Amino acid sequence: MIPLFKVAMSEEAPAAVSEVLASGSIGQGAKVEAFERALAERIGNPYVVTVNSATSGLHLALRLVAGEGPHGDGEVLTTPLTMEATNWAILANGLGIRWVDIDPATLNVDLDDLARKISPRTRAIVIVHFGGYPVDLDRLAAILDKAEAMYGFRPQVIEDCAHAWGASYRGTHIGGHGNISVFSFQAIKHLTSGDGGAVVLPTEELHARARLLRWFGIPRTADRLRNPPDVAEWGYKFHMNDINAAIGLSNLDTAEQALARNRANAAFYDEELADVPGLELTERADDRTHSFWIYPMKVDDRNGFFQRMDEAGIMASNVHERNDLHSVVRKYAAHLPALDRVAPRVVCVPAGWWVTDEQRRHIADVIRKGW
């Protein structure tokens with residue numbers, strides 16, 4: 001099988017981890033600080049806080065926005081087409097979910113539907129750059145301008161950037177558009193630290209608070225053993241350690257190479273699959289740069305497509321099931337006609353850095369012959 005995912009690991013990572021293990025200091029330390037500086041430089045935003053997973057990052061981001069609670073009828077507008085981690089972080093904060101339909105062309109949130117659903121109950125808006133294709137952030141900002149004029153407050157946007165390392169919108173890296181952004185460095189992402197994530201903040205104040213709350217609300221510089229500080233706001237054990245940071249630092253250049261190859265493979269598919277009957281590609285706008293963590297398409301007869309891919313030795317999947325059908329969120333059920341039409345058609349085929357020229361030719365030829 002040509003795999004759908006594979007770990008992009010630098011040859012330098014084992015030695016970097018060994019160095020940390022031999023140092024006798026493996027918790028959050030100098031490597032974490034170095035990794036945060038390196039991330040800040042690449043994203044173009046100095047306010048970076050690493051965490052032990054993007055799920056923790058989303059949880060922390062929502063806490064920064066909504067506070068401790070209780071939140072009453074407070075709700076978060078969000079997409080159901082994502083990994084469950086996006087939305088379980090909302091539940092973990094004691095907030096309600098209000099589903100927003102998707103845009104069939106992009107598989108991101110439908111911004112028209114989002115605009116209709118902002119209300120006085122809205123505590124935050126969570127968007128996902130699905131597959132690594134950025135949401136139209138300027139249009140979203142205009143929607144928020146109107147909401148602020150109508151309701152007297154501006155809902156905070158949290159960008160789930162788990163798919164979007166290296167993506168950009170209108171020349172600025174994702175993570176640099178004035179919202180809270182959460183990246184994933186989980187095993188199979190473009191940039192991996194083994195596991196981990198980062199929260200990128202728009203202000204120094206939020207940055208300082210996030211640094212505190214990721215470790216119980218206690219400053220890491222405090223002398224806890226002899227002069228323990230007061231904790232004014234309780235926090236979590238969400239910090240990254242130097243082992244994961246060492247892996248992440250080692251993989252920064254590897255991730256750039258992976259991004260370039262992913263994009264080359266995607267460009268090949270865009271050309272080869274543009275006119276295949278029963279297959280529809282997703283949008284490509286000139287004002288944004290896709291990271292192509294996955295290569296999503298929409299097909300007729302998805303089961304038949306999967307069967308043909310299996311026969312040809314090609315792993316294919318829709319990757320993420322719609323979250324709104326889980327029984328745990330049944331009470332938030334909503335009418336989502338675009339998602340109903342599109343979700344049964346979504347498929348992804350291998351497009352990552354490991355896919356050779358010969359393999360991508362095979363994949364395209366198999367698809368072009370039909371299923």
Side-chain angles (χ1 to χ4, degrees), residues 1-9 81-83 102-108 128-134 162-168 187-192 254-322 338 341-371:
M1 276 288 201
I2 303 172
L4 194 56
F5 297 110
K6 198 170 181 179
V7 176
M9 187 63 65
L81 190 61
T82 180
M83 170 64 186
I102 67 162
D103 176 357
T106 66
L107 306 182
N108 289 330
V128 174
H129 303 296
F130 191 86
Y133 186 73
H163 300 178
W165 177 258
S168 63
I188 57 174
K189 295 303 192 297
H190 290 104
L191 172 60
T192 182
T254 298
E256 293 304 309
Q257 296 164 16
L259 270 167
R261 181 61 186 180
N262 283 35
R263 287 170 175 153
N265 285 336
F268 175 83
Y269 290 145
D270 284 353
E271 183 174 347
E272 292 292 322
L273 304 179
D275 58 354
V276 175
L279 183 150
E280 184 181 354
L281 301 179
T282 55
E283 177 188 280
R284 305 283 184 267
D286 292 337
D287 64 353
R288 64 206 78 175
T289 304
H290 204 314
S291 73
F292 290 106
W293 179 64
I294 50 178
Y295 187 87
M297 308 176 291
K298 293 161 284 183
V299 299
D300 298 339
D301 184 16
R302 185 168 69 180
N303 288 338
F305 183 89
F306 284 156
Q307 181 177 345
R308 182 68 194 97
M309 294 303 104
D310 287 345
E311 292 168 352
I314 303 163
M315 181 61 196
S317 170
N318 57 321
V319 180
H320 294 314
E321 290 288 349
R322 53 188 293 180
R341 293 194 307 273
V342 172
R345 300 183 64 215
V346 174
V347 300
C348 302
V349 295
W353 55 269
W354 59 92
V355 178
T356 66
D357 288 357
E358 293 76 17
Q359 288 174 329
R360 73 187 190 185
R361 176 79 267 165
H362 170 64
I363 292 168
D365 286 347
V366 170
I367 293 173
R368 290 182 64 84
K369 291 176 181 175
W371 54 94

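Computed from a prediction, not measured in an experiment: that's the story for all the values here. Values below: all heavy atoms of this structure, side chains included; hydrogens, waters and symmetry mates excluded.
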Roughly how far, to the nearest 0.5 Å, is the [atom2] atom of [Y] from the [atom1] atom of [X]?
| X | Y | atom1 | atom2 | result |
| --- | --- | --- | --- | --- |
| F130 | H290 | CZ | NE2 | 9.5 Å |
| H362 | I314 | NE2 | CD1 | 4.0 Å |
| L279 | M297 | CG | CE | 5.0 Å |
| R284 | D287 | CZ | CG | 13.5 Å |
| N108 | T82 | CG | OG1 | 10.0 Å |

Problem - Residues that W371 engages under ring-ring contact (aromatic ring centres under 6.0 Å, His included), provided they are two or more places apart - result: F305

Completion exercise
The single option from D103, T106, L107 that satisfies side chain to side chain contact (heavy atoms under 4.5 Å, CB included) with T282 is L107

Any sub-3.5 Å donor-acceptor pair from [X]'s side-chain atoms to [Y]'s backbone N or O?
| X | Y | value |
| --- | --- | --- |
| R261 | V355 | yes |
| Y133 | A285 | yes |
| N318 | A343 | no |
| R308 | I367 | no |

For a quick test of reading the model, state the closest non-hydrogen atom pair linking [X] to [Y] and the distance between them.
| X | Y | value |
| --- | --- | --- |
| G352 | N265 | O-ND2, 2.8 Å |
| Y269 | P350 | OH-O, 2.7 Å |
| V346 | R302 | O-NH1, 3.0 Å |
| P3 | W354 | O-NE1, 2.9 Å |

Practice task
Identify, with sequence neighbours excluded, every residue that meets side chain to side chain contact (heavy atoms under 4.5 Å, CB included) alongside H190.
Solution key: W165, L259, N262, S291, W293

Practice task
Show your reasoning for whether salt bridge (charged side-chain N to carboxylate O under 4.0 Å, His left out) applies to D357 and R361.
Solution key: CA-CA 6 Å; D357 288 357; R361 176 79 267 165; over 6 Å; no

Handout entry: Audit row: V319, L4, side-chain contact (heavy atoms from CB on, under 4.5 Å) steps and yes/no
Key = CA-CA 9 Å; V319 180; L4 194 56; 4.0 Å; yes

4.5 Å side-chain heavy-atom contact, [X] and [Y]:
| X | Y | result |
| --- | --- | --- |
| D310 | M1 | yes |
| F5 | M315 | no |
| R341 | P104 | yes |
| S317 | C348 | no |
| V366 | M309 | yes |

Problem - Step-by-step side-chain contact (heavy atoms from CB on, under 4.5 Å) determination, T254 to M9 - result: CA-CA 7 Å; T254 298; M9 187 63 65; over 6 Å; no

Practice task
Determine, stepwise, if the pair D270 / Y295 fulfils side-chain contact (heavy atoms from CB on, under 4.5 Å).
Solution key: CA-CA 10 Å; D270 284 353; Y295 187 87; 2.7 Å; yes

Handout entry: Worked verdict on E280 versus R345 for salt bridge (charged side-chain N to carboxylate O under 4.0 Å, His left out)
Key = CA-CA 9 Å; E280 184 181 354; R345 300 183 64 215; 3.5 Å; yes

Problem - CD/E311: more than 12 non-hydrogen atoms of other groups inside 6.0 Å - result: yes

Fill in the blank from the handout: Across all chains, not counting sequence neighbours, the salt bridge (charged side-chain N to carboxylate O under 4.0 Å, His left out) partners of E256 are none

Handout entry: Evaluation steps, side-chain contact (heavy atoms from CB on, under 4.5 Å), between I363 and E272
Key = CA-CA 10 Å; I363 292 168; E272 292 292 322; over 6 Å; no

Exercise for the section: Could you tell me how the ring of H163 sits relative to the ring of H320: parallel (under 30°), tilted (30 to 60°) or perpendicular (over 60°)? Expected result: parallel

